[in-house]
Amino acid sequence: MALVIASCGLTACGDDNEDENISFSASAEKEAQGTFNGTFVRVQASNGTTVTGTGTFVLTATETANRAELTFTSDELTELAGIEPIPVNISHASRDFVFFNKSSDYSLRGRIYDGKTVKLSFSKLVRVSARSSVTYNYSFEGAKQP
């Protein structure tokens, strides 16, 4: 009986290492940088009013490893052009890239899938008058331009 248990135990301990060995030619910000065209969606947090528009998301590498800047443009969501470049932390995630920024101005997170498509979301508090502000939740999905 002990021999049967030992043989089952040894069979279960095979060399089935499924981890991929991925090597990167550059740091994440350099490999991921580029221009992505796609669709923005803006939802007003207080009432759900939704505006959709086409636009561009640009990820630019900085001189610091694993840091990049994001900029946005959209003809329909013109307030995006007024946003200063957003600094983000970026890293490899298997064959993808993940990036984020958590600050008092933004709570932004995103993922570039296989270096080709991107999904991101962020919230922004926008002052609409001296005593009033509105929180907008933005999302973007797009494809990298060659």
query: Rest of the hydrophobic cluster containing Tyr113 (Ile/Leu/Val/Met/Phe/Trp/Tyr, side-chain heavy atoms under 4.5 Å)?
result: none

task: If you link ILVMFWY side chains whenever their heavy atoms are less than 4.5 Å apart, which other residues fall into the same cluster as Val41? By chain and number, please.
output: Val43

task: Please collect all salt bridge (charged side-chain N to carboxylate O under 4.0 Å, His left out) contacts where either partner lies in residues 84-94, sequence neighbours excluded, each pair once.
output: none

message: Filter on salt bridge (charged side-chain N to carboxylate O under 4.0 Å, His left out), then keep only pairs touching residues 67-78, sequence neighbours left out; what's left?
response: none

- line: So OG1 of Thr35 and CG of Leu59: to nearest 0.5 Å the spacing works out to 9.5 Å

message: Could you measure the distance from the CD1 atom of Ile86 to the CZ atom of Phe99? Nearest 0.5 Å is fine.
response: 10.0 Å

Contacts of Ser132 that satisfy side-chain hydrogen bond (donor to acceptor under 3.5 Å, both in side chains) - sequence neighbours left out: none

query: What pairs with Arg109 under side-chain hydrogen bond (donor to acceptor under 3.5 Å, both in side chains), at least two apart in sequence or on another chain?
result: none

field: Leu70 side chain reached by Ile83 side chain, heavy atoms, under 4.5 Å
entry: no

message: Contact between Phe72 and Phe122 at the side-chain level, heavy atoms closer than 4.5 Å - yes or no?
response: yes

Qualifying side chain to side chain donor-acceptor pair (under 3.5 Å) pairs with a residue from residues 117-130, counting only residues at least two apart or across chains: Ser123-Asn137

Pairs meeting criterion side chain to side chain donor-acceptor pair (under 3.5 Å) with involvement of residues 51-66, two or more places apart: Asn37-Thr56

Could you report the tightest heavy-atom contact between [X] and [Y], atom names first, then the distance?
X: His92; Y: Glu31; value: NE2-OE1, 3.5 Å
X: Glu29; Y: Ala68; value: CB-CB, 4.2 Å
X: Gly115; Y: Phe97; value: CA-CE1, 4.2 Å
X: Ser74; Y: Leu77; value: OG-N, 3.2 Å

task: Would you please say whether a donor-acceptor pair under 3.5 Å links the side chains of Ser94 and Asp96?
output: no

field: Sequence-distant partners of Ser91, side chain to side chain contact (heavy atoms under 4.5 Å, CB included), two or more places apart
entry: Val98

query: Residues in side chain to side chain contact (heavy atoms under 4.5 Å, CB included) with Lys116, at least two apart?
result: Asp114

message: side chain to side chain contact (heavy atoms under 4.5 Å, CB included) for Leu108 and Phe100? Distances and angles first, verdict last.
response: CA-CA 5 Å; Leu108 181 144; Phe100 67 93; 5.7 Å; no

- request: Identify, with sequence neighbours excluded, every residue that meets salt bridge (Lys or Arg N to Asp or Glu O under 4.0 Å) alongside Glu79.
  value: Arg42

task: Using the test ring pair (Phe, Tyr, Trp, His ring centres under 6.0 Å), find all partners of Phe36 that sit at least two apart in sequence or belong to another chain.
output: Phe57

- prompt: Do Leu120 and Leu125 belong to the same hydrophobic cluster, where Ile, Leu, Val, Met, Phe, Trp and Tyr are linked whenever their side-chain heavy atoms lie under 4.5 Å apart, directly or via other members?
  reply: no

